[in-house]
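What follows is a set of notes on a single structure, which appears directly below.
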Amino acid sequence: MASQVIREWVGIQQFPEPTQTKLHEILGKLKEENVSTLTILVMGKGGVGKSSTVNSLIGERVVSVSAFQSEGPRPVMVQRSRAGFTLNVIDTPGLIEGGYVNDQALAIIKQFLLNKTIDVLLYVDRLDSYRVDNLDRQVITAITDSFGKAIWRRSLVVLTHAQLSPPDGLNYDDFVSRRADGLLKVVCLGAQIKKHELKDSEIPVVLVENSVRCQTNQDDEKILPNGTAWIPNLVETITEVVLKGGKSILVDKKLIEGPNPNEKHKLLIPLILAFQYFFVVKPIQRSIRGDISKENKPSWELRDMGLASHSIFSRNKI
Ligand code: GDP
Ligand code: MG
């Protein structure tokens, strides 16, 4: 198979100068740490802004965006290179259909990812959703079951539609932190992150505004209501997650076809049961049998067995 020529990341030149400078700085930092390829997997429910975020990040319209959730069924990998650095971004279709996780869509995504290494997961949702529910938990559980809970050490929660006016006169930062906390709680539940692991698995939350009507600063950079230029902020946070350690996730055959990576220990259950049978149950049975055989049987039992000493019964009979 002919190797695919990776296109130059020209979209970077669409960004205002200060954004370009920051992005080049970040790429330089990654190269210093010997990171020359970054593969970012984008997942979440349908219609939350996954594809829009991919386009914003690449700086080109590379994947199609739809207001009506008619996403194609297949993931798409966009590859771009810049100054010896390769960026791979994998956009995926939403996982929910008819109120449940679509297992077929999940299987297609897993097959697509075969032999790829995921460096970062962007778990995308909307800032302006006010509820977290069982559906969120289902999607997060499906991701955990597919790639193992280790993927959450390499993840960011991305909240789109970040240019909003909070309802009921709430302060913007308060609103963001309440929404983030609610979602992170569900992520921890679905990702099976235990309380004592929380600190280790701190998942950053990043705000994104993909709308063309996004506010800009004097340098023409797209900014959030709190003034942060969000594109360099997103790329910087991705870099921090990559550099803070934790392994990238290699999606191999074993991960896709093997048992749920979080349930590997369950394979030990038959072994533990066999151990218990031979080394606990059997010895107990043996010792009970021994005790019974040594026991002085009561006379009535001996009588029933026809073993009673003749004298006792013969006396009684007289
Ligand atoms: P996906 O299904 O998760 O890939 O979502 P899309 O990227 O296709 O976006 C769904 C709809 O939401 C489209 O109409 C987008 O224009 C819109 N959208 C996505 N992100 C944002 C955002 O940050 N702000 C606003 N206002 N609209 C967005
Ligand atoms: Mg999409």
Side-chain angles (χ1 to χ4, degrees), residues 11 14-15 19 40-79 88-102 104-106 108-110 112-113 120-133 135-136 138-140 142-143 155-167 172 175-176 179-180 183 186-187 204-217 221-235 237-238:
Q14 310 300 313
F15 296 128
T19 298
I40 303 173
L41 174 65
V42 183
M43 292 189 89
K45 293 181 293 188
V48 291
K50 297 182 298 297
S51 304
S52 307
T53 305
V54 172
N55 289 341
S56 299
L57 189 61
I58 301 279
E60 292 173 60
R61 199 186 151 84
V62 279
V63 285
S64 64
V65 164
S66 161
F68 299 102
Q69 296 201 15
S70 55
E71 298 174 296
R74 301 199 160 271
V76 177
M77 177 152 93
V78 183
Q79 293 190 288
N88 303 319
V89 188
I90 303 169
D91 188 21
T92 61
L95 284 179
I96 293 291
E97 205 173 272
Y100 293 98
V101 169
N102 179 345
Q104 206 187 346
L106 190 62
I108 292 173
I109 294 173
K110 281 158 85 171
F112 181 89
L113 294 173
V120 180
L121 166 73
L122 300 189
Y123 181 76
V124 184
D125 205 337
R126 294 173 62 140
L127 176 65
D128 62 345
S129 300
Y130 304 106
R131 287 184 337 126
V132 274
D133 56 26
L135 227 49
D136 298 299
Q138 277 186 49
V139 178
I140 292 157
I143 295 174
S155 70
L156 282 76
V157 169
V158 171
L159 296 177
T160 62
H161 294 71
Q163 187 173 264
L164 59 70
S165 303
Y172 183 80
F175 178 81
V176 169
R179 169 76 177 128
L183 199 55
V186 178
V187 170
V205 177
V206 184
L207 301 176
V208 158
E209 177 51 73
N210 293 307
S211 166
V212 286
R213 287 188 295 275
C214 182
Q215 267 191 311
T216 52
N217 60 16
E221 294 178 291
K222 288 181 164 187
I223 54 166
L224 302 169
N226 60 13
T228 308
W230 71 260
I231 290 180
N233 182 53
L234 171 64
V235 179
T237 316
I238 290 174

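This chain uses plain numbering: 1 for the first residue, then up along the sequence. Indexing begins at 1, ligand by ligand and atom by atom, following the structure's order. All values derive from a computational prediction rather than experimental measurement.
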Quick check: does any side chain N or O of N55 sit under 3.5 Å from a backbone N or O of S52, one acting as donor and the other as acceptor?
no
Using modelled atom types and a 3.5 Å cut-off, is there a donor and acceptor pairing between side-chain atoms of E209 and backbone atoms of A162?
yes
Hey, which atoms in ligand 1 end up nearer than 4.0 Å to a heavy atom of V48?
1 (P), 3 (O), 5 (O)
Ligand 1 atoms in contact with E209 (distance to a heavy atom under 4.0 Å):
22 (C), 23 (O), 24 (N), 25 (C), 26 (N)
Check whether any side-chain heavy atom of V48 sits under 4.5 Å from a side-chain heavy atom of K50, and report yes or no.
yes
Side chain, backbone, both or neither: which part of S66 has a heavy atom under 4.0 Å from ligand 1?
backbone
Is the distance from the Mg ion (ligand 2) to the nearest N/O/S atom of T92 under 2.8 Å?
no
Does a donor on one side chain sit under 3.5 Å from an acceptor on the other, for S56 and N210?
yes
M43 pairs by side-chain contact (heavy atoms from CB on, under 4.5 Å) with which of I90, I109, L122, V124?
I109
Judging by distance only, is a nitrogen or oxygen of [X] under 3.5 angstrom from one on ligand 1?
X    : answer
T160 : no
V65  : no
D91  : no

Does at least one non-hydrogen atom of G46 fall below 4.0 angstrom from an atom of ligand 1?
yes
Strictly below 4.0 Å, N to O, side chains only: are R179 and D125 in salt-bridge contact?
yes
